[in-house]
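Data block below; observations after.
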Amino acid sequence: MKKVLIANRGEIAVRVMRSCREMGLATVAVYSDVDRGALHVSYADEAYRLGPGPATESYLRGDLILEVAKRSGADAIHPGYGFLSENAAFAEACVAADVTFVGPPASAMRALGSKTKARQAADAARMPRVPGSVKGLATVEEAIAVAEQIGYPVMLKAAAGGGGKGMRAVTIATDLPAAYATASSEAERSFGSGEVYLEKLIERPRHIEIQIMADMHGNCLYLGERECSVQRRHQKVIEEAPSAVVAEHLRRRMGEAAVRLALSAGYVNAGTVEFLVDADQNFYFLEMNTRLQVEHPVTEMVTGLDLVQMQLRVAKGEPLRVKQAEILLRGHAIECRIYAEDPENNFMPSPGKITRLVQPGGPGVREDCGVYEGWTVPLDYDPMLSKLVAYGETREVAIERMLRALDEYVIGGIRSNLGLFQRILRDEDFRTAQIDTGYLERLLAGSDVKEAQRVPDDVVALVAALFAAAGKREGSATAATAPESRWTIAGRREGLRA
Ligand code: MV4
C-alpha cells in the first residue's frame, strides 16, 4: 500500500489523510463541482473531479472513483463514513479491480446489513438481543402472535432500515394491524424491501456502542464503549467515552459479546456494535455498523490509539500490534457535532459563507474540522462543519474544557448549534449523566422559545426539501434506496417529499 484514495469529503476525508501522511502514504482526494475549493481537496497530494454536486453524480459514483484510482495509481480506497462506506457491491468492485478496500469484506457487510440476519448472527454468537422475531413477519397474524408472546409495548422495525427509519411503536394490540400495514408498505417504498420484524419496546434506553477492530488473522479487540444517548431525531449530537453507567464488568461483557459477533461473521477492520442499555443495566444488541464512525475520536482519546492507522495496517494484512489486556482506558472524552443549523429556529439548516472562523485549542482540545474561513458550506451534503472534542482526566474536567473551548469558538456568517452545547453542558441532568435517548427532546421541549417565534416543522421540512439534492449522511442506505442528505430525511420525516 503506497497511495490511498479517500472516497469522501469534509472533515472525515481530512482525518483519514492525516493518518495516511503520518504513515508515509500518498493521498488522493476526489471532489464534486461544489467542492472544488473544499478543505479536503487542498489537504491531499492530488485531487480529481468526479462530477456535479449531487452525491449520486459524484461521491456515490463507485465506477468513477475506481477510474480515478486507476488513473492516479492509488492502490487502496478508504470510504470514510456515509456515501459508499457500507456498500457491499462497491467493496467487491474494489477487490475485483485489485484495489484494497479499507473496510470489512463484502460478505461480512451483507451478513450484518440486514437487521433480521444480524439478529440471527447475534443468537449464533450468544449475544443478548431485544426479545422478538429474528425473521421477517410473513403475515399480520404472525405479528399478532409474536406480540402476544413478548408482550406490549412492542416496536415494528424494517429489516432493511436503520438509524430510526421505518420504526413504529405499538402500545396496544388493537393498533397492531394498522401499524403493521403502514410499516411494511413504508419499508417497501423506502428500502425496496417490505420485510418487518417485531421487538419488545425498551423504555427510556441509553444508546451505548462498542468499538471493535479485527485483523485478517483471527484477532479482534474491543476498544471500550461510547455513550451516544444525547441525540435528536436519530441524529447524534454529543458522544462520550467512556459511558458514566458502564462499570468494568459490564464493559467486559458487552465487549466480549461484540467480539464474538464480529468473529462469527468473519469481520475484519473497524466496526461498531450498537446496544440499548436499560435502567437496570441490561444490554441488548441493536445493530452493527460496518464502518468507521463519526464519533471515533472519543475512543481514540481514551485509548491513545489511532483508529485510522489501525484500519490501514489491518487492510494491508498486518496483525494487530496490541493485545486486549494492553487496551487501557484513561480519562474521559466528549465530542460535540457542530452543525450549520439554527437551534433557535427548529434546527433550520443554515448553509452559506463562513465569514469568520476562530477555532479553539489549548490543553485537552481536539478539533476535526472540514471547513475554513471564507468557505461556503454547500447545500448538497450533510451540514456538519466540525467535531469538537474535549479530553480530561475526569468527566467533570472534560465538561469544563468543552465549555471553555465552546467559549473560544467563533463562527460568523452562518448560524450554528454552538449555543445548544453551552446549554446541554450546563444542564443538571447532563452533568449528573442522567441521560437516555429521550433526554435532548425533553430538554428542548422545556425551552422557553415562544410558540409564535418558532419556525414550524413544516417550514423546516420545506426548506429541507428545497435544499435536498443527494448528499448522504453517515447512516447506511441500501443499494435500492435513493441516497439522501440529512435535510432530505428531515423533510420526509415531516411528511414532505423532495
Ligand atoms: C428501539 C428502541 C426501544 N426499543 N428498539 C432507534 C434507532 C434504531 N437504530 C433503533 N432505535 C431504537 N430502537 C426497541 N426494541 C428505541 C430506539 C430509539 C433510539 C435508539 C438509539 C438512539 C436513539 C434512539 C431514539 C429513539 C428511539
Side-chain angles (χ1 to χ4, degrees), residues 81 86 112-119 122 127-134 137 143 146-147 149-171 176 179-180 183 186-187 190-191 196-210 225-240 243 245-246 254 258 271-280 282-291 293-295 335 337 424 430 435-445 473-478 481 486 489-490 492-493:
Y81 52 71
E86 293 180 277
L112 299 161
S114 147
K115 294 174 60 164
T116 41
K117 275 202 260 171
R119 281 164 68 76
M127 154 97 85
R129 55 155 174 87
V130 188
S133 50
V134 292
L137 300 161
V146 174
Q149 203 195 320
I150 60 177
Y152 289 87
V154 297
M155 202 141 192
L156 279 163
K157 295 187 177 183
K165 284 178 275 175
M167 289 191 339
R168 225 168 218 84
V170 181
T171 321
L176 188 61
Y180 174 81
E186 217 176 85
S190 314
F191 310 114
V196 293
Y197 66 101
L198 257 179
E199 282 183 3
K200 175 99 188 149
L201 181 90
I202 309 296
E203 302 194 54
R204 288 202 169 202
R206 288 180 177 246
H207 175 142
I208 297 178
E209 57 189 31
I210 297 277
E225 79 283 4
R226 292 185 287 260
E227 165 71 68
C228 303
S229 297
V230 180
Q231 54 82 49
R232 179 183 172 269
R233 301 186 175 186
H234 304 296
Q235 299 292 331
K236 293 167 187 163
V237 173
I238 294 181
E239 307 96 348
E240 45 188 313
S243 166
V245 296
V246 175
M254 292 173 77
T272 296
V273 182
E274 290 187 2
F275 295 95
L276 293 180
V277 178
D278 70 15
D280 303 320
N282 296 303
F283 66 91
Y284 306 93
F285 169 70
L286 209 49
E287 54 194 80
M288 181 158 181
N289 299 322
T290 60
R291 60 173 187 272
Q293 287 193 254
V294 173
E295 59 271 25
E335 174 180 279
R337 294 193 188 189
I424 296 170
F430 181 82
I435 48 178
D436 59 70
T437 55
Y439 162 78
L440 185 53
E441 317 265 6
R442 290 196 299 273
L443 184 78
L444 294 169
R473 67 190 182 98
E474 181 195 20
S476 61
T478 56
T481 325
R486 188 163 158 278
I489 291 163
R492 157 129 23 78
R493 210 160 28 221

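Note that ligands are numbered from 1 as they come in the structure, with each ligand's atoms numbered from 1 the same way.
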Side-chain H-bond candidate by donor/acceptor type, Thr272 with Arg226, under 3.5 Å = yes
ask   = Which residue owns the protein heavy atom closest to atom 22 (C) of ligand 1, what's the atom, and how far is it?
value = His207 ND1, 3.1 Å
message = Can you list everything that forms a salt bridge (Lys or Arg N to Asp or Glu O under 4.0 Å) with Glu239? Sequence neighbours excluded, please.
response = Arg337
message = Salt bridge check, Lys115 against Glu199: does any charged N sit closer than 4.0 Å to a carboxylate O?
response = no
key: Element-labelled atoms of ligand 1 that are located less than 4.0 Å from some non-hydrogen atom of Glu287   = 9 (N)
query = Phe283 vs Phe275 aromatic rings, parallel, tilted or perpendicular, using cut-offs 30° and 60°?
reply = perpendicular
ask   = Of the backbone atoms (N, CA, C, O) and the side-chain heavy atoms from C-beta on, which set of Ile202 has a member under 4.0 Å from an atom of ligand 1: side chain, backbone, both, or neither?
value = both
request  = Tell me which protein heavy atom sits closest to atom 12 (C) of ligand 1, plus the residue, atom name and distance to 0.1 Å.
outcome  = Met167 SD, 3.8 Å
query = Among Lys200, Lys157, Met155, which residue places a heavy atom closest to atom 13 (N) of ligand 1?
reply = Lys157
message = Between Glu225 and Ser243, is there a side-chain donor-acceptor contact under 3.5 Å, judged purely by atom types and distance?
response = no
ask   = Who pairs with Glu227 by salt bridge (Lys or Arg N to Asp or Glu O under 4.0 Å), at least two apart in sequence or on another chain?
value = Arg206
remark   = Closest to atom 19 (C) of ligand 1 among protein heavy atoms sits Thr437 CG2, 4.0 Å
ask   = So which protein heavy atom does atom 20 (C) of ligand 1 come closest to, and at what separation?
value = Leu276 CD2, 3.8 Å
task = Looking only at protein heavy atoms, identify the closest one to atom 25 (C) of ligand 1 and say how far it is in Å.
result = Gln231 NE2, 3.3 Å
Atom 27 (C) of ligand 1: the protein heavy-atom neighbour that sits closest, reported with distance to 0.1 Å = His234 CE1, 3.8 Å
inquiry  = What I want to know is whether Glu199 and ligand 1 share at least one N or O pair that is separated by under 3.5 angstrom.
reply    = yes
message = With rounding to the nearest 0.5 angstrom, report the CD1 to NE2 distance, Ile202 to His207.
response = 14.0 Å
Per-atom contacts of ligand 1 with Val130, taking only distances under 4.0 Å to non-hydrogen atoms = 15 (N)
message = I need the nearest protein heavy-atom contact for atom 8 (C) of ligand 1: residue, atom name and distance, please.
response = Gly164 N, 3.7 Å
task = May I ask you to check whether Lys115 has an N/O atom sitting below 3.5 Å from an N/O atom of ligand 1?
result = no
query = Would you call Arg168 and Glu186 a salt bridge, taking side-chain N to carboxylate O under 4.0 Å as the test?
reply = yes
request  = Could you check atom 16 (C) of ligand 1 against the protein and tell me its nearest heavy-atom contact, residue, atom and distance included?
outcome  = Pro205 CG, 4.1 Å
request  = Go through the side-chain N and O atoms of Asp278 and Tyr284 and say whether any donor and acceptor fall under 3.5 Å apart.
outcome  = yes
